[in-house]
Amino acid sequence: MPIRHLYVHIPFCPKICPYCSFYKEASDRNKTQRFLDALLAELDRESARHPLQPQTIFFGGGTPSALSTPQLEYLLAGMRQRLDLSALTEWTLEMNPATVSLEKARTLRALGVNRISMGVQSWDPALLAVLGRVHTAAQAERSYELLREAGFDNVNLDLMFAIPTQTLAQWEATLEKTIALGPEHLSAYCLTYEEDTAFFRRFQSGEYAQNKEWDADLFELTLDRLEAAGYEPYEISNHARPGRECLHNLAYWQGADYLGLGPSAFSTCGSSRWQNVANSEQYSNHILSGQSALGFHESLDPAVRLSETIAFGLRTNRGVACTLLEPWKSVVDEYLREGFAVSDGERIRLTRKGKLVADTLAEAFMGAESATA
Ligand SMILES: C[S@@+](CC[C@H](N)C(=O)[O-])C[C@H]1O[C@@H](n2cnc3c(N)ncnc32)[C@H](O)[C@@H]1O
Ligand code: SF4
């Protein structure tokens, strides 16, 4: 069976945000061409090892749109030459509003990208400043219009809530403004204080604080507003108009095999999971000298894959098949009793109350030993 899902990591950003822990670095024009050649060489290398016929491609980062239009043209044309795209249905590329132009958007559309995911985070100028974003709200709105003008009819906007100093009214205004623009998909992430970020240090020093009840209020407001506006909350942080779910992410959550290219990218294929080195210089050096860029490899036993399927399934509105949960009957009964989950006899789904603590609930299904507990 060919691998059907391809991820490509572009680690460059116009400016580094103080809350972000993705592998990224400030754009450096001198390194980029070499990096693009490494990506295409890695695609050649991996295609020789695994049959590849993508249904979905996801360019993530970092900020893929930090590449210039000629660089994107070079990379995408190189990929088109190498890949069998006859089964492709979704090709997403992540953009930062500060790196969108009409020419770039038209070029991407012409080369086959049919879905854009843009990081807006907030429409509030004060909160954009707290987040250290490189763009203004007006620039984000203009970029959204340019994407539409270029013909993109499948657009996701990323938003964040529980930002330090954010009020309920500010979050409501951001949701309303987004709904008024009418993107097909919305990702609304609760801010997490990730280790090794400036925000985490401020959190540790007590300057920033986390309040789970406050986060829950903002989450409830998100569900209320977006559902009333016709967005289905098909995953805890993801909301889509009917038929506009992100197929690439759905494939991850359903446990499909995927191949990741680029520094720090993960791949999962059968019982193997591996990750490339999280260093673009080393990545390019290894690949361009004909070596692997492997940084980490593990064998996944079936119990681990089952735990992951359950944890991801619980985050989605499809839920998890009851048959998969049979070894944990007493845990499931408790979740049903406590109102964290409901069952229709075939599948178990989390309620709103359950979604608020989904990660904690999923922990009960982790690890092979739990299956016999
Ligand atoms: C790779 S970025 C999206 C594209 C582009 N780099 C940008 O920021 O505009 C992925 C998204 O993850 C979310 N994100 C990043 N760090 C986060 C954090 N610490 N907590 C919650 N969401 C976060 C943001 O919404 C961000 O847009
Ligand atoms: S949020 Fe986006 S733009 Fe900001 S550092 Fe992370 S990947 Fe780069």
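For ligands, and for the atoms within them, numbers begin at 1 and follow the listed sequence. Here the structure is a predicted model, which is why all the values come from computation and not from measurement.
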Quiz item: Which ligand 2 atoms does Arg133 reach within 4.0 Å, using its non-hydrogen atoms?
Solution: 1 (S), 3 (S), 4 (Fe)

Quiz item: Hey, is Arg315 close enough to Glu235 for a salt bridge, meaning N to O under 4.0 Å?
Solution: yes

Exercise. Answer side chain, backbone, both or neither: which part of Cys17 comes under 4.0 Å from ligand 2, heavy atoms only.
Key: both

Quiz item: Quick one: are the ring centres of Tyr231 and His239 less than 6.0 Å apart?
Solution: no

Quiz item: Going by an N to O cut-off under 4.0 Å, is there a salt bridge joining Arg305 and Asp257?
Solution: yes

Quiz item: Does the pair Arg142/Glu145 count as a salt bridge with the N-to-O cut at 4.0 Å?
Solution: yes

Practice problem: Please report which non-hydrogen protein atom sits nearest to atom 1 (S) of ligand 2, along with the residue it belongs to and the distance in Å to one decimal place. | Solution: Tyr19 OH, 3.4 Å

Quiz item: Is the shortest distance from a heavy atom of Gly119 to ligand 2 less than 4.0 Å?
Solution: no

Quiz prompt | Aromatic centroids of Tyr208 and Phe199 separated by under 6.0 Å | solution = yes

Exercise. Go through the side-chain N and O atoms of Asp84 and Ser86 and say whether any donor and acceptor fall under 3.5 Å apart.
Key: yes

Self-check item: Short N-O contact, Lys329 and Asp333, less than 4.0 angstrom
Solution: yes

Exercise. Specify the protein heavy atom at minimum distance from atom 8 (Fe) of ligand 2: its residue, its atom name, and the distance to 0.1 Å.
Key: Cys13 SG, 2.3 Å

Self-check item: Leu191, any N or O under 3.5 Å of ligand 1 N or O
Solution: no

Quiz item: If we only count N/O pairs under 3.5 Å, is Arg133 in contact with ligand 1?
Solution: yes

Practice problem: Using side chain to side chain contact (heavy atoms under 4.5 Å, CB included) as the criterion, point out the one residue from Val155, Asn249, Asn238 that pairs with His185. | Solution: Asn238

Quiz item: So, does Gly60 sit close enough to ligand 1 that a heavy atom of it is under 4.0 Å from the ligand?
Solution: no

Exercise. Applying side-chain contact (heavy atoms from CB on, under 4.5 Å), run through Leu72 and Thr107 and close with a yes or a no.
Key: CA-CA 8 Å; Leu72 284 164; Thr107 303; 5.7 Å; no

Quiz item: What orientation do Phe35 and Phe12 show, parallel under 30°, tilted 30 to 60°, or perpendicular over 60°?
Solution: perpendicular

Quiz item: Closer than 4.0 angstrom: is that true for some heavy atom of Glu94 and an atom of ligand 2?
Solution: no

Practice problem: Identify, for atom 3 (S) of ligand 2, the protein heavy atom at the shortest distance, and state residue, atom and that distance. | Solution: Thr63 OG1, 3.5 Å

Quiz item: Considering only protein heavy atoms, which is closest to atom 5 (C) of ligand 1, and at what distance to one decimal place?
Solution: Thr63 OG1, 3.6 Å

Self-check item: Structural part of Met95 in contact with ligand 1, heavy atom criterion under 4.0 angstrom
Solution: backbone

Quiz item: Which residue and non-hydrogen atom of the protein lie closest to atom 25 (O) of ligand 1, and at what distance in Å?
Solution: Gln121 OE1, 2.7 Å

Quiz item: Any luck finding a side-chain donor-acceptor pair between Tyr23 and Glu25 under 3.5 Å?
Solution: yes

Practice problem: Show which atoms of ligand 1 fall inside a sub-4.0 Å distance from at least one heavy-atom site of Glu194. | Solution: 19 (N)

Quiz prompt | Ligand-residue contact atoms, ligand 2 with Gly62, heavy atoms, under 4.0 Å | solution = 7 (S)

Self-check item: Nearest protein heavy atom with distance in Å, relative to atom 6 (Fe) of ligand 2
Solution: Cys20 SG, 2.3 Å

Quiz prompt | Salt bridge Glu227-Arg352, side-chain N to carboxylate O under 4.0 Å | solution = yes

Quiz item: Which one holds for Cys17 and ligand 1: side chain close, backbone close, both close, or neither close, with close meaning a heavy atom under 4.0 Å?
Solution: neither

Self-check item: Salt bridge present between Glu46 and Arg49 (N-O < 4.0 angstrom)
Solution: yes

Quiz item: Is it true that Glu141 and Lys177 make a salt bridge, defined as a side-chain N closer than 4.0 Å to a carboxylate O?
Solution: yes

Self-check item: Per-atom contacts, ligand 2 versus Asn96 - under 4.0 Å to a heavy atom
Solution: 3 (S)

Practice problem: Show which atoms of ligand 1 fall inside a sub-4.0 Å distance from at least one heavy-atom site of Gly61. | Solution: 1 (C)

Quiz item: At what distance is the nearest protein heavy atom to atom 21 (C) of ligand 1, and which residue and atom is it?
Solution: Cys190 O, 3.5 Å

Quiz item: Quick one: does Ser65 get a heavy atom under 4.0 Å from ligand 1?
Solution: no

Quiz item: Which ligand 1 atoms, with their elements, are less than 4.0 angstrom from a heavy-atom of Gly119?
Solution: 9 (O), 27 (O)

Quiz item: Under 3.5 Å, side chain of Tyr7 to main-chain N/O of Ser267, donor-acceptor pair present?
Solution: no

Quiz item: Relative to atom 11 (C) of ligand 1, which among Val134, Thr192, Asp158 owns the nearest non-hydrogen atom?
Solution: Asp158

Exercise. Between Tyr19, Phe22, Tyr189, flag the one that comes closest to atom 22 (N) of ligand 1 by a heavy atom.
Key: Tyr189

Quiz prompt | atom 2 (S) of ligand 1: nearest protein contact (heavy atom, Å) | solution = Glu94 OE1, 4.2 Å

Quiz item: Is the closest heavy-atom distance from Ser187 to ligand 1 below 4.0 Å?
Solution: no

